[in-house]
Amino acid sequence: MKKGLTDNAGAGKATNPKKVRNKTHKFIAVLLSAVIPGLGHIYLRLYMRGLTFILLVLLDLSALLYFSSIGIQINVPLLILLAFCIPVIYFYNVYDVLQSADWVMMRRRRVVTQSNMDKQSVERTEGERMMVWERGISFGLLLIVGGSLMVLFFRKPRWFQEIIAIYGGYSFAVLLVVGGLTLFGREFWVMLRRKKS
């Protein structure tokens, strides 16, 4: 009887540290993301997602500094919008790291509980699943476009200033329209897929 009680107590102790450890990982990831956006994702081994958040913040700050320092007539709402993007990126980063931490912990738990696989294949399967989640050409495109824009923002070539002075307002409006149409098309496509299934 006593042995059964001690076994149950031991089992309770064995499950509690995992829960505490998961909460600790989540807390550390959120804390790192609160200090520097993207750092929590890197802690969770979601490297591309973390680097994307870091690049977006750097790109937004570069654009804000560029548009506030050049000597041409610049639209004040654009500066307000760029300044507003920083807290949006920051808080979305914290929200996303909370969701990602749950997803990562759930995936790791699921992979570890597969009893018919050895340790090396479990680690390999987990790594493959994480990489599949992060695959795609969007990160490469973001790096190319973001890096090119940052070079232009810091070098401040004359032709770039003239293009922005002449076509800046129109190009920004076109970007907003294209972004809105893209999001609308995506939602419409998802809605059609749901109706078919």
Side-chain angles (χ1 to χ4, degrees), residues 11-65 80-115 117 119 121-147 149-150 175-176 178-180 182-191 193-194 197:
K13 285 180 183 176
T15 55
N16 284 340
K18 280 190 178 179
K19 289 181 183 176
V20 171
R21 222 171 102 202
N22 288 347
K23 286 180 182 176
T24 305
H25 285 307
K26 190 173 182 179
F27 175 75
I28 292 170
V30 171
L31 187 65
L32 289 171
S33 281
V35 174
I36 299 174
L39 207 58
H41 291 90
I42 293 172
Y43 172 76
L44 293 173
R45 297 182 190 165
L46 301 172
Y47 301 111
M48 290 183 187
R49 195 163 262 241
L51 290 172
T52 300
F53 278 110
I54 292 170
L55 183 65
L56 285 174
V57 170
L58 288 176
L59 192 60
D60 192 33
L61 286 172
S62 303
L64 191 62
L65 290 172
I80 292 170
L81 185 66
L82 286 171
F84 181 69
C85 282
I86 295 172
V88 169
I89 294 168
Y90 179 82
F91 287 113
Y92 181 72
N93 155 65
V94 173
Y95 167 78
D96 190 61
V97 86
L98 278 167
Q99 302 302 315
S100 300
D102 287 337
W103 185 85
V104 167
M105 298 306 163
M106 182 185 69
R107 280 289 197 195
R108 287 180 185 166
R109 212 175 301 125
R110 190 178 297 164
V111 171
V112 168
T113 54
Q114 294 175 351
S115 58
M117 299 174 74
K119 190 177 177 184
S121 61
V122 165
E123 288 174 0
R124 188 170 60 249
T125 308
E126 181 189 355
E128 286 169 1
R129 285 180 182 168
M130 297 295 289
M131 288 308 293
V132 166
W133 189 58
E134 288 199 302
R135 278 184 195 156
I137 61 168
S138 57
F139 182 69
L141 288 173
L142 180 69
L143 284 178
I144 292 167
V145 172
L149 283 173
M150 285 180 77
L175 273 174
L176 287 176
V178 168
T182 305
L183 290 173
F184 175 76
R186 183 176 159 193
E187 290 297 319
F188 188 70
W189 185 68
V190 168
M191 188 177 68
R193 279 185 64 188
R194 283 183 187 163
S197 61

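Only a predicted model underlies this, so the values are computations on that prediction, with no experimental measurement involved.
For the pair L44/R49, no side-chain contact is recorded, criterion being any heavy-atom separation below 4.5 Å from C-beta on. At least one side-chain heavy atom of F53 sits under 4.5 Å from a side-chain heavy atom of D96. For the pair R45 and Y47, the minimum side-chain heavy-atom distance is below 4.5 Å.
Contacts of L58 classified as side chain to side chain contact (heavy atoms under 4.5 Å, CB included), with partners at least two apart in sequence or in another chain: I54, M150.
N93 CG to L39 CG: the interatomic distance, rounded to the nearest 0.5 Å, is 9.5 Å. The distance from the CG atom of L143 to the CE atom of M48 is 9.0 Å, given to the nearest 0.5 Å. Taken to the nearest 0.5 Å, the CG atom of L56 stands 11.0 Å off from the CG atom of L61. The distance from the CG atom of L149 to the CD1 atom of I144 is 12.0 Å, given to the nearest 0.5 Å. With rounding to the nearest 0.5 Å, the separation of CZ in R186 from CE in M191 is 14.5 Å. A distance of 10.5 Å separates CD1 of I36 from OH of Y90, quoted to the nearest 0.5 Å.
Using cut-offs of 30° and 60° on the angle between ring planes, the pair Y95 and Y92 is tilted.
The residue from L32, V104, V97 that alone fulfils the side-chain contact (heavy atoms from CB on, under 4.5 Å) condition with H41 is V97. Among L59, D60, L64, the single residue meeting the side-chain contact (heavy atoms from CB on, under 4.5 Å) criterion with C85 is D60.
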